[in-house]
Chemist: 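Handing you a structure now.
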Amino acid sequence: MKELTKAEEQVMHPLWQLGNATVRQIIDQLPEPVPAYNTVSTIVRILEKKGFVDHVAEGKGHIYFPIISKHEYTRKFMKRFISNYFEDSFKNLVSFFAKNDKMDLKEFDELVTEVRKELEDKKAKNHD
């Protein structure tokens, strides 16, 4: 899966939130300064060529919808990010933030608790 550019990401976020939308509906969700209609339309067509978006015709226009979920994109993006910058180690990632962002013990304990719960839930699902 290719990585989204910043402009493509800005278009995908409203589309992920709305589920499906016209170019005008996407524009209505974008922050100021709002890009021109043709700019957003071009980005949507690029996203379609890259396999992130598809459309159905409706009247004279198109309704666009994401093919890749936000969760799936985030998962693949983070996996590649951790691999490229943290030697494919979640431990190295957490350590980086603990050292550089001065993560306190309470935040660390909360993170450990949350990760432990997620792993236990995943293990329980796999045993069903």
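Numbers for residues simply follow the sequence, beginning at 1.
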Chemist: Is there a side-chain contact between P35 and L30, using heavy atoms and a 4.5 Å cut-off?
Modeler: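 Yes, their side chains come closer than 4.5 Å.
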Chemist: Please report the interatomic distance CE(M78) to CD1(I82), rounded to the nearest 0.5 Å.
Modeler: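 M78 CE to I82 CD1: 4.5 Å, rounded to 0.5 Å.
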Chemist: Following the transitive rule for hydrophobic clusters with a side-chain heavy-atom cut-off under 4.5 Å over Ile, Leu, Val, Met, Phe, Trp and Tyr, establish whether L18 and V11 coincide in one cluster.
Modeler: no
Chemist: Which pairs, with at least one residue in residues 20-52 and sequence neighbours excluded, count as a ring pair (Phe, Tyr, Trp, His ring centres under 6.0 Å)?
Modeler: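 For residues 20-52, and leaving out neighbouring residues, the ring pair (Phe, Tyr, Trp, His ring centres under 6.0 Å) pairs sorted by first residue read F52-Y73.
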Chemist: Distance check, rounded to the nearest 0.5 Å: K49 atom NZ versus K2 atom NZ?
Modeler: 11.0 Å
Chemist: The criterion is salt bridge (charged side-chain N to carboxylate O under 4.0 Å, His left out); which residues satisfy it with R45, sequence neighbours excluded?
Modeler: none
Chemist: One thing to verify: whether D121 and K125 come together as a salt bridge, which I'm taking to mean a side-chain N less than 4.0 angstrom from a carboxylate O.
Modeler: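 Here K125 does not pair with D121 in a salt bridge, since their nearest N and O are not under 4.0 Å apart.
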Chemist: Between S83 and K79, is there a donor-acceptor pair closer than 3.5 Å when you use the side chain of the first and the backbone of the second?
Modeler: no
Chemist: Is there a path of hydrophobic side-chain contacts, each under 4.5 Å between heavy atoms of I, L, V, M, F, W or Y residues, that connects V56 with M12?
Modeler: no
Chemist: Kindly compute the distance separating OG1 (T5) from CD (Q10), expressed to the nearest 0.5 Å.
Modeler: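 Separation between the atoms: 8.5 Å.
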Chemist: Classify the ring geometry between W16 and H13 as parallel (under 30°), tilted (30 to 60°) or perpendicular (over 60°).
Modeler: perpendicular
Chemist: Please find the pair of heavy atoms, one from L15 and one from V53, that lie closest to each other, and give the distance.
Modeler: CD2-CG2, 3.7 Å
Chemist: Establish whether V44 and I46 are linked, either directly or via other cluster members, by ILVMFWY side-chain heavy-atom contacts under 4.5 Å.
Modeler: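 Different clusters.
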Chemist: Kindly list each side-chain donor-acceptor pair under 3.5 angstrom involving residues 89-98, sequence neighbours excluded, with atom names and distances?
Modeler:
| unit_1 | atom_1 | unit_2 | atom_2 | d |
| --- | --- | --- | --- | --- |
| S89 | OG | K91 | N | 3.3 |
| S89 | OG | N92 | N | 3.0 |
| N92 | ND2 | F86 | O | 3.2 |

Chemist: For S41 and V23, work out which heavy atoms get closest and say how close.
Modeler: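 For S41 and V23, the tightest heavy-atom pair comes out as N-CG1, 4.0 Å.
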Chemist: Could you list the donor-acceptor pairs under 3.5 angstrom formed by side chains in residues 63-72, with sequence neighbours left out?
Modeler:
| unit_1 | atom_1 | unit_2 | atom_2 | d |
| --- | --- | --- | --- | --- |
| S69 | OG | E72 | N | 3.0 |
| E72 | OE2 | R75 | NH2 | 3.0 |
| E72 | OE2 | K76 | NZ | 3.3 |

Chemist: Only pairs under 3.5 Å count here: list side-chain donor-acceptor contacts from residues 103-113, not counting sequence neighbours, and write none if there are none.
Modeler:
| unit_1 | atom_1 | unit_2 | atom_2 | d |
| --- | --- | --- | --- | --- |
| D104 | OD1 | K106 | N | 3.2 |
| D104 | OD1 | E107 | N | 2.7 |
| E107 | OE1 | D104 | N | 3.1 |
| T113 | OG1 | D109 | O | 2.9 |

Chemist: To the nearest 0.5 Å, what is the distance between CG on D54 and CG on N20?
Modeler: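 Spacing of CG (D54) from CG (N20) equals 12.0 Å.
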Chemist: Check A57 against H55 and note the closest heavy-atom contact, atom names and distance.
Modeler: N-CD2, 4.1 Å
Chemist: Which pairs with one or both residues in residues 7-24 pass salt bridge (Lys or Arg N to Asp or Glu O under 4.0 Å), sequence neighbours excluded?
Modeler: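 Of all non-adjacent pairs touching residues 7-24, those that pass salt bridge (Lys or Arg N to Asp or Glu O under 4.0 Å) are E8-K50.
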